[in-house]
Amino acid sequence: MPNIYFLLKKCSVLLFCLSITLSVNAKSDSQRSNGKLKIFILAGQSNMQGYGTLEGDGPGTMEGYLSNHQELSARLLDDDGEPKIRKDVWIVDISKESRQGYLTTGYGAKENLIGPEYAFGFSIGDYFDDPVLIIKSAWGGKSLYHDFLSPSSKQYPRPTVAGDTGFYYAELLRHVAEITANLSKYFPVYQGEQFELVGFGWHQGWNDRISQPAVDAYERNLEHLIKDLR
């Protein structure tokens, strides 16, 4: 089963590190730009936190990748060879410590790392004429089997603390509610008022492969996660 799911209105995105494939159904100009802030939610485990290495000549680093794909350098790097800052894409991550700003590198698990938000933000920012806000909610070491389990998968008491069933599913929803209700705090440069939730991205980690019951329930749990988020 693929380990990345992006559920977007009338478009589908397949994202692997810096290699981007964007397949979009035909859209009118009004859909590409209707004056509303486009909000995307990126959630998941350690792979969504992001452990993409920036520096180094070896394979798998951004520097190494761009040295072999010069055609992307102009797109991702400025005239000084530094990662570009996207002034049309803003990111907010309050998963661990509050981070927010224009999209560039440094929004991975650590400041010198990147995650799926980087390539995703470039792709979506290129497509939409309206500004884009990415809400990133990711925690390492969590599973869909327990931590992200959504309510329609299984009945469970209302989660209150980390470790409770479904706690990080509830945290994800809390993040979205908190940020969208306080855009002037989390996206202070945005002057508009209207927004729309356009899509959700899920990046699976390793934690649903640690037991056979988790493996067996994964497909069903993912279907319920999609249903409940919608």
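None of the values given here were measured: they were computed from a predicted structure.
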With a 6.0 Å cut-off (strictly less than), is the heavy-atom count around CZ of R220, excluding the residue itself, greater than 12? yes
Taking atom CG of D93 and atom CG of L42, what is their separation to the nearest 0.5 Å? 10.0 Å
Can F148 be reached from Y145 by stepping across I, L, V, M, F, W or Y side chains whose heavy atoms are under 4.5 Å apart? no
One pair to check against side-chain hydrogen bond (donor to acceptor under 3.5 Å, both in side chains): H224 and S150. What are the steps and the verdict? CA-CA 7 Å; H224 283 287; S150 67; 5.6 Å; no
Are the side chain of R99 and the backbone of E111 linked by a donor-acceptor contact shorter than 3.5 Å? no
Tell me the closest heavy-atom pair linking E117 and M48, and the distance in Å. OE1-O, 4.2 Å
May I ask you to check whether over 12 heavy atoms, not counting those of K154, lie within 6.0 Å of atom NZ? no
So, using side-chain contact (heavy atoms from CB on, under 4.5 Å) as the criterion, who are the partners of K36 when residues are at least two apart? N34, K38, Q194, E196
Taking only residues two or more places apart in sequence or in another chain, which ones pass side-chain contact (heavy atoms from CB on, under 4.5 Å) with E71? H69
What are the two closest non-hydrogen atoms of K185 and P188, and how far apart are they? O-CD, 3.7 Å
Can you tell me how far apart CD1 (I179) and OG (S98) are? Round to the nearest 0.5 Å. 8.0 Å
Flag yes if more than 12 heavy atoms outside Q155 fall under 6.0 Å of its CD atom; otherwise flag no. no
How close do T165 and P159 get, heavy atom to heavy atom, and via which atoms? O-CB, 3.5 Å
Working to the nearest 0.5 Å, report the span between OG of S46 and OH of Y51. 6.0 Å
Can you get from L77 to L113 by hopping between Ile, Leu, Val, Met, Phe, Trp and Tyr side chains that sit under 4.5 Å apart? no
Atom CG of residue position D79 - does it have more than 12 heavy atoms of other residues, nucleotides or ligands inside 6.0 Å? no
For Y169 and L229 the tightest heavy-atom approach is CE1-CD2, 3.8 Å
Do I210 and V215 land in one hydrophobic cluster if side-chain heavy atoms of ILVMFWY residues count as linked below 4.5 Å? no
Out of I85, I114, D78, I91, which residue meets the side-chain contact (heavy atoms from CB on, under 4.5 Å) rule with T104? I85
Over 60° means perpendicular and under 30° means parallel, so tell me whether Y102 and W90 are parallel, tilted or perpendicular. perpendicular
To the nearest 0.5 Å, atom CG of D130 lies from atom CG of D88 at 10.5 Å
Donor-acceptor pair, Y107 side chain versus G50 backbone, under 3.5 Å? no
Between E171 and R174 (salt bridge meaning N to carboxylate O under 4.0 Å), is one present in this structure? yes
Smallest heavy-atom separation, W202 atom then G44 atom, equals CZ3-CA, 3.6 Å
Counting N and O atoms only, with roles assigned by atom type, does the side chain of H146 sit under 3.5 Å from a partner on the main chain of F167, one being a donor and the other an acceptor? no
Looking at side-chain heavy atoms only, is the closest gap between H175 and S95 below 4.5 Å? yes
Quick check: is L197 connected to Y190 through a chain of hydrophobic side chains (ILVMFWY, heavy atoms under 4.5 Å apart)? yes
Side-chain touch L76/Y118, heavy atoms, less than 4.5 angstrom: yes
Going by heavy atoms in the side chains, are P151 and D228 under 4.5 Å from each other? yes
Heavy-atom closest pair (K227 atom, S152 atom, distance to 0.1 Å) is CD-OG, 4.4 Å
Using atom types as modelled and distance alone, determine if a side-chain donor or acceptor of S123 lies under 3.5 Å from a backbone N or O of A119. no
I226 vs F200 side-chain heavy atoms within contact, under 4.5 Å: no
Could you go step by step and tell me if L144 and Y218 meet the side chain to side chain contact (heavy atoms under 4.5 Å, CB included) rule? CA-CA 7 Å; L144 181 60; Y218 182 79; 3.6 Å; yes
Stepwise ring-ring contact (aromatic ring centres under 6.0 Å, His included) test for F40 and F120: CA-CA 10 Å; F40 290 85; F120 182 84; 5.4 Å; yes
Please examine the side chains of V89 and I124, heavy atoms only from C-beta on, and report whether any two atoms are closer than 4.5 Å. no
Could you tell me whether the side chain of Y186 reaches within less than 4.5 Å of the side chain of L133, counting heavy atoms only? no
Any side-chain heavy-atom pair from F187 and Q100 closer than 4.5 angstrom? no
Within this structure, what is the CD-CG distance for the pair E63 and D57, rounded to the nearest 0.5 Å? 5.5 Å
When rounded to the nearest 0.5 angstrom, what is the spacing between CG in L225 and CZ in R230? 10.5 Å
Side chains of D208 and Q45, heavy atoms from C-beta outward: is any pair under 4.5 Å? yes
Tell me whether Q70 contacts the main-chain N or O of S67 through its side chain, where contact means a donor paired with an acceptor under 3.5 Å. yes
